[in-house]
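Working notes, beginning with the structure itself.
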Amino acid sequence: MSPLAVEVEQVSKRFRVDGHIVHALDGVSLHAAEGEFVSLVGPSGCGKSTLLNLICGLMEPDSGTIRLQGDTLPRLGRVGLMPQQDLLMPWRRVMDNLLLGPEIQRRDRQEAEQEAQALLPLFGLEGFAQSYPSQLSGGMRQRAALLRTMLAHPTVLALDEPFGALDALTRRGMRDWLLQVWERFGQTVLFVTHDVDEAIYLSDRVLVISSRPGTVALEVNVPLPRPRIQTQLDTLEAAHIRHRLLTALGL
Amino acid sequence: MSPLAVEVEQVSKRFRVDGHIVHALDGVSLHAAEGEFVSLVGPSGCGKSTLLNLICGLMEPDSGTIRLQGDTLPRLGRVGLMPQQDLLMPWRRVMDNLLLGPEIQRRDRQEAEQEAQALLPLFGLEGFAQSYPSQLSGGMRQRAALLRTMLAHPTVLALDEPFGALDALTRRGMRDWLLQVWERFGQTVLFVTHDVDEAIYLSDRVLVISSRPGTVALEVNVPLPRPRIQTQLDTLEAAHIRHRLLTALGL
Amino acid sequence: MRPRFYRAFRQALPAVALIVGLLALWELLARLLDIQEWLLPAPSAVWSAGIDSLQLLWPHVVRTLVETLLGFAVALMAGLGLGIAIDLSPLLRRAIYPLLVASQTVPTIAIAPLLVIWFGYGLLPKIIVVGLVCFFPVVVNTADGLRSASSDLLALLRTMGATRGDLFFKVRLPSALPMIFTGIKVAITYSVVGAIMGEWVGASRGLGIFMLRATNSFRTDWVFVSIFVSAVLSLGLFGLVNVVERLLQPWRFGRQEHWEELSK
Amino acid sequence: MRPRFYRAFRQALPAVALIVGLLALWELLARLLDIQEWLLPAPSAVWSAGIDSLQLLWPHVVRTLVETLLGFAVALMAGLGLGIAIDLSPLLRRAIYPLLVASQTVPTIAIAPLLVIWFGYGLLPKIIVVGLVCFFPVVVNTADGLRSASSDLLALLRTMGATRGDLFFKVRLPSALPMIFTGIKVAITYSVVGAIMGEWVGASRGLGIFMLRATNSFRTDWVFVSIFVSAVLSLGLFGLVNVVERLLQPWRFGRQEHWEELSK
Amino acid sequence: KRPQELEPVVLTLDWVPNTNHTGFYVALEKGWYAEQGLAVEIQVPADPSAALKQVAAGNTPFGVSFQDEVTVARASGIPVVSIAAIVQHNTSAIASLASAGIESAADFEGKTYASFGLPIERPLLQGLMQCEGADIDQLEFVDVGYDTFPALVAGRADLIWIYQGWDGVQAELMGVELNTVPLYGDCVPDYYTPVIIAGESTLAERSELVSRFLAATERGYSYAIEHPVEAADILIKHSPESDAQLVRASQAWLSDHYQADAPRWGVQNPTVWRTFVDWMVANGLLSEPIDADAAFSNAYLAE
Ligand SMILES: Nc1ncnc2c1ncn2[C@@H]1O[C@H](COP(=O)(O)OP(=O)(O)OP(=O)(O)O)[C@@H](O)[C@H]1O
Ligand SMILES: Nc1ncnc2c1ncn2[C@@H]1O[C@H](COP(=O)(O)OP(=O)(O)OP(=O)(O)O)[C@@H](O)[C@H]1O
Ligand SMILES: [Mg+2]
Ligand SMILES: [Mg+2]
């Protein structure tokens with residue numbers, strides 16, 4: 001058996017905020033198998049972004065261990081993160097922002113640019129390749145940030161509310177595109193969202209994080225067959241899962 | 001009859017993006033009566049934020065007119081805007097960020113601070129009054145930005161996806177709080193959202209903006225009785241409205 | 001108190017080590033190469049000359065320090081004022097910027113006679129020279145810093161009905177603070193030399209005078225003593241500015257969180 | 001071409017107007033108050049002296065310009081290099097920063113004999129003096145600018161497996177550019193005076209020498225001619241830096257959109 | 001000789017070119033250095049004490065300095081020797097505006113003196129004043145650096161040190177009437193200012209070079225003595241930034257003073273050196289006497 005792509009074991013994380021201690025995560029354990037799509041839902045401020053940051057290697061846990069592909073080697077550069085704040089570089093045009101990953105990986109620029117160019121229409125960024133980020137709408141910025149993450153071709157993806165600023169239609173398009181890509185390339189995906197339906201539609205497994213200090217409150221498998229279609233969300237099975245998730249979330 | 005709080009008449013707006021012209025809004029007309037709650041939904045990049053910016057007086061339309069309370073006087077300072085990007089000041093602690101409005105209005109700081117203090121728990125910001133924005137989670141930042149807007153006590157509110165980064169539970173709480181405040185103080189609200197249910201739940205009227213160049217594609221009244229409760233969304237009437245809106249949005 | 005002191009000590013260690021190392025090297029070279037003392041005295045010679053001339057030096061140092069501080073205060077006010085004025089008015093920027101640049105190209109000694117004629121030998125001409133030498137970095141950094149404020153944030157405040165003053169004090173100034181302090185750090189570094197140059201215009205007391213007299217009597221050791229003293233003064237003032245910078249910008253220099261620490 | 005020229009003209013108008021106004025005032029005062037010419041010549045006198053001495057002046061100007069440019073190039077490289085080094089290594093920051101500050105407190109004339117003995121009367125000592133005078137603002141602005149990069153952005157790049165070099169060239173440097181240019185603007189303003197001071201160490205040609213000789217012959221009009229020339233040189237160089245700044249940062253100085261225009 | 005065979009020699013002046021230096025430029029212009037096999041290069045520093053340091057450091061073989069400076073330097077162990085007096089007597093004077101009515105050193109009391117900041121100034125003025133029974137403590141000193149003239153004219157100082165052959169002439173040209181109290185007289189000892197100096201090692205190891213240099217230089221000054229007008233033109237040619245009118249007038253004044261009552265140009269009188277050393281010791285300018293005879297030499301001047 002191949003090792004798990006991501007293993008988080010009993011991880012705790014505290015922050016010091018102006019004197020008092022904020023207990024962000026408390027003994028969180030989770031894992032994602034190679035090629036698995038795992039979603040994280042949970043109240044705002046429960047530590048989801050912190051968890052992704054820890055997994056990416058941007059922080060070290062105060063206690064507990066994190067393994068990628070079975071090892072505890074440095075994690076930076078092994079997980080593709082799409083941060084919650086889009087963090088586009090104001091001094092780079094959209095296209096140059098998109099090509100950040102390929103650039104860092106010293107990949108052929110022309111090839112990467114062709115790939116990006118081909119995806120621009122799907123991301124609703126056609127005609128904006130040469131504009132600066134300040135000239136984009138909120139949703140366009142978010143889509144640019146997602147495209148930037150994807151163009152780095154990571155094998156493990158950590159996406160922090162990638163569709164938060166998108167309308168339902170655009171969102172659906174992006175979802176389906178993400179699933180297509182995922183099915184083709186088999187990345188491992190950690191997906192933070194506030195939309196329970198979205199989590200069900202996309203994931204193999206959904207984790208509910210409890211409010212601060214964050215712990216795993218519930219873990220639900222989503223055994224809906226793939227490829228997924230929108231109407232599967234209207235099945236009884238989906239309704240059941242939705243109910244369990246909403247209950248765990250206190251709704 | 002008292003004049004309309006907001007009147008937008010045949011407004012067009014174009015941007016110049018690296019040589020070519022982006023036609024953001026094309027002949028948009030809309031209005032909001034005194035104390036009315038109007039939501040705007042539409043695809044990402046269709047010009048919703050641009051419309052709010054125009055109404056606030058941050059930009060002038062290329063053609064068309066905008067009236068507030070029946071006049072065409074300068075609009076700056078007359079509409080409380082919550083921008084899509086939270087724009088918290090990194091050099092101010094959370095509390096000082098919240099008190100920006102009262103400060104600019106030269107109101108008594110102590111009073112305003114008491115008001116803010118009392119609202120912190122509801123906004124999930126208890127214990128974070130003295131931290132810096134960089135120490136907040138994405139959703140906490142958004143809530144702080146909303147609270148900042150509300151503390152300025154504007155009579156016309158322009159809220160640009162105020163709940164975008166919030167989980168369903170927090171979101172519901174915020175919605176209900178917003179409705180309460182609105183019912184008590186009777187502000188005129190322009191509300192941008194991607195969530196059709198949210199628009200129905202909150203609004204007197206919902207406008208669908210078509211994709212770029214933005215025009216008003218559909219206008220739907222929401223005759224559900226107030227005060228609203230969650231279950232009203234399950235009524236046939238709501239379903240009907242939802243259907244019309246989703247169809248207009250292409251879903 | 002203990003750990004704090006220890007930390008300060010550790011902070012200063014590399015600089016002290018480097019300086020001591022360089023002095024040792026210099027001493028060694030001076031002895032090995034047998035460099036004439038009047039040309040380049042060994043540190044040990046400078047040190048003993050310093051000890052000997054302490055009493056002699058003291059009034060000069062006080063005088064120069066006074067000139068430095070007063071002149072710097074003037075430079076700071078002029079620099080901030082002009083920087084702000086330039087930022088507020090594009091017209092003023094275009095009108096006055098070239099003059100400010102030009103003002104920096106006038107060597108002090110070229111206008112020394114005028115200074116003496118108009119202002120005599122008192123404190124005033126020295127203050128003017130220090131001011132002229134120091135204000136420019138403050139102006140440029142202030143003007144550029146104020147311009148760097150986020151236009152989105154400014155827009156937000158304007159929707160709240162902010163006055164120009166609000167925009168300035170609540171957004172532009174805080175955004176500009178880091179750059180302003182950079183300018184102040186450059187300026188304060190020049191201030192002591194400015195005072196010394198001011199003294200050369202004409203004075204009877206001050207480090208510059210001491211230096212001049214020492215040069216004329218081939219007391220190179222004393223020249224180096226005064227260079228050393230002026231370096232110490234400059235370092236002290238520079239350090240002071242650094243402390244103020246940290247105090248005024250807690251959001252930049254607060255206790256580092258894990259995140260920030262790592263992301264360095 | 002036409003409107004562009006017209007725009008440039010309109011841009012320059014306020015400065016030209018102000019300068020012409022000041023010159024007129026000065027001319028008036030000089031005539032009314034009957035100020036002796038050797039003390040403060042009227043602009044008209046300076047002008048005709050300038051015309052007369054053009055031929056004489058020319059080789060001096062060329063020489064000073066060469067020194068200025070070479071010295072500034074050195075200062076730029078040293079400044080950027082040191083600023084970067086300081087930013088990269090906290091140890092280096094603590095070790096070397098005090099020395100840099102101290103280096104600015106040594107008056108040129110105090111080390112002039114050493115410079116001549118070690119480097120002779122050629123170009124080298126002037127380049128060194130210009131370098132010493134100019135590198136400091138570049139160092140401080142570079143170091144502070146590099147530190148101002150967004151830590152979130154740096155973190156993002158690190159998750160992509162960015163090397164230190166990537167972080168530097170893709171985030172730190174672009175973020176620091178505005179401040180670096182501010183430093184360069186201050187430095188280039190000092191460079192011409194630096195060259196003049198360098199010439200005073202010992203030279204046979206250059207604006208500084210011209211100025212010295214003119215002073216000694218009580219030809220104050222010539223002194224002012226050389227001040228005027230050095231001001232023009234400085235302004236030209238300053239303007240050049242501004243142009244480069246704009247070219248290198250299109251995202252800051254691009255054609256203004258409506259939004260940005262208003263939010264000013 | 002062809003130019004490339006000439007021996008390169010550097011001469012560092014004390015200050016920008018002026019009529020004190022005319023002889024050098026004449027010798028250069030007339031090719032007399034070249035005749036001696038020398039390619040002389042003249043350097044101009046901004047600091048009057050720079051030349052002595054350069055010579056002492058062996059960086060340049062010849063320089064222009066002053067007797068007082070040489071004496072202090074030798075007392076500090078700096079091995080330089082004065083090898084020729086450019087001007088025979090001290091041409092300095094204490095000047096005041098004629099309108100101030102200061103006729104003699106007795107009137108210095110209660111006045112302000114704009115000083116270069118040299119240690120020698122105070123005892124010299126003291127000597128002048130004592131002669132007239134005045135008290136030096138009644139005279140205020142202000143260090144002004146080298147640009148004292150404007151201070152006087154603007155009334156910021158009452159007394160300044162001038163070189164009659166330069167500042168004095170200039171004042172005359174400008175129509176500023178000055179009262180002067182010359183330093184050369186009975187109240188204070190005379191001394192040579194300026195002088196040509198060389199390092200002891202140069203004298204020991206390259207004495208023949210020194211003689212050749214001085215031979216050409218002496219020719220230059222002799223020419224300047226005899227042909228002030230032509231000599232002035234040569235200086236102007238080499239220092240076109242100097243005011244021509246001033247140079248000509250100064251040259252006319254100074255040409256008579258180069259040699260004055262001396263048997264030949266450049267010769268230094270041992271008594272002048274000895275008296276001056278004693279005077280310096282007596283006034284605390286030297287802590288110990290130095291060997292005055294070693295501080296100068298006439299040996300390199302042609303017989
Ligand atoms: N300052 C600007 N300069 C150039 N183009 C702009 C600017 N602001 C907005 N636009 C363009 O106007 C269009 C509408 O932008 P707007 O921000 O209003 O969209 P939106 O409806 O708010 O979208 P979203 O839901 O993604 O936030 C976009 O195509 C955007 O690129
Ligand atoms: N750098 C930091 N310094 C101090 N506290 C922090 C820092 N980062 C996060 N926190 C705190 O940790 C807690 C969890 O934050 P986190 O950003 O992980 O929440 P989240 O689950 O992503 O919330 P949201 O859905 O609102 O984005 C919050 O209370 C936040 O204040
Ligand atoms: Mg988050
Ligand atoms: Mg928007």
Side-chain angles (χ1 to χ4, degrees), chain C residues 11-15 17-19 22 39-40 91 94-99 101-102 104-107 109-110 113-114 117 136-137 140-141 144-145 148 151-152 154-155 158 178-179 181-183 185-186 189-190 192-193 196-197 208 211 215 223 227 230-231 233-235 238 259-260 262-264, chain D residues 11-15 17-19 22 39-40 91 94-99 101-102 104-107 109-110 113-114 117 136-137 140-141 144-145 148 151-152 154-155 158 178-179 181-183 185-186 189-190 192-193 196-197 208 211 215 223 227 230-231 233-235 238 259-260 262-264:
Chain C
Q11 293 269 342
L13 201 63
L18 183 63
I19 290 172
L22 285 178
L39 191 61
L40 184 63
L91 182 73
R94 288 209 294 274
I96 226 180
Y97 223 127
L99 273 182
V101 172
Q104 294 304 297
T105 65
V106 181
I109 75 130
L114 290 176
I117 288 166
F136 190 68
V140 178
N141 276 275
D144 283 5
S148 74
S151 55
D152 288 342
L154 289 170
R158 280 156 42 87
M179 277 188 83
F181 267 102
T182 303
K185 280 188 276 183
V186 173
T189 305
Y190 292 148
V192 179
V193 175
I196 287 175
M197 280 165 42
M211 212 181 268
T215 307
V223 174
I227 291 180
S230 73
L233 286 184
S234 295
L235 277 174
F238 188 88
W259 173 272
E260 288 158 18
L262 259 171
S263 62
K264 175 76 189 177
Chain D
Q11 292 269 342
L13 201 62
L18 183 62
I19 289 172
L22 285 178
L39 192 59
L40 184 63
L91 181 74
R94 289 208 294 274
I96 226 179
Y97 222 126
L99 273 182
V101 172
Q104 294 304 297
T105 65
V106 181
I109 74 130
L114 288 176
I117 287 166
F136 190 68
V140 178
N141 276 276
D144 283 5
S148 73
S151 56
D152 287 343
L154 290 170
R158 282 157 39 88
M179 279 189 81
F181 267 100
T182 305
K185 279 188 275 184
V186 173
T189 306
Y190 292 149
V192 179
V193 176
I196 287 176
M197 280 164 44
M211 213 180 266
T215 308
V223 173
I227 290 180
S230 73
L233 286 185
S234 295
L235 277 174
F238 188 87
W259 172 272
E260 288 159 18
L262 259 171
S263 60
K264 175 72 185 181

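Please read these numbers as outputs of a predicted model, since none were measured by experiment. Each chain gets a letter, A, B and so on, in the order its sequence line appears, and its residues count up from 1.
At a 4.5 Å heavy-atom cutoff, the contact between D:I19 and chain C is made by side-chain atoms alone. C:L99 touches chain D through its side chain: at least one heavy atom from C-beta onward sits under 4.5 Å away, while N, CA, C and O do not. Contacts between C:L22 and chain D at a heavy-atom distance below 4.5 Å involve the side chain alone, from C-beta outward. Using a 4.5 Å cut-off between heavy atoms, D:T215 does not touch chain C at all.
Taking C:T182, C:L18, C:L13 one by one and counting their heavy-atom pairs under 4.5 Å with chain D, the maximum is reached by C:T182. Of all the listed residues (D:L235, D:I196, D:I96), the one sharing the greatest number of non-hydrogen pairs under 4.5 Å with chain C is D:L235. For chain C, the option among D:V192, D:V223, D:N141 with the highest count of heavy-atom pairs below 4.5 Å is D:N141.
Taking each heavy atom of D:V186 and C:P137 in turn, the nearest pair found is CG2-CA, 3.9 Å. Considering all non-hydrogen atoms of both residues, C:T105 and D:A231 come closest at OG1-CA, 3.3 Å. Minimum interatomic distance between D:M211 and C:P107 (heavy atoms only, all atoms of both residues): SD-CG, 3.7 Å. Among all heavy-atom pairs drawn from D:R94 and C:A15, the shortest one is O-CB, 3.1 Å.
Residues C:T189 and D:V140 fail the side-chain proximity criterion, which asks for heavy atoms closer than 4.5 Å. Counting only heavy atoms from C-beta outward, the side chains of D:Q104 and C:V193 never approach each other to under 4.5 Å. Side-chain atoms of D:D144 and C:K185, non-hydrogen and from C-beta on, do get closer than 4.5 Å to each other.
Annotation: ring pair (Phe, Tyr, Trp, His ring centres under 6.0 Å) contacts of D:F181 (sequence neighbours excluded): none. Checked against ring pair (Phe, Tyr, Trp, His ring centres under 6.0 Å), C:F136 has no partners two or more places apart in sequence or in another chain.
Classified by interplanar angle (parallel below 30°, tilted 30° to 60°, perpendicular above 60°), the ring pair D:Y190/C:Y190 is perpendicular.
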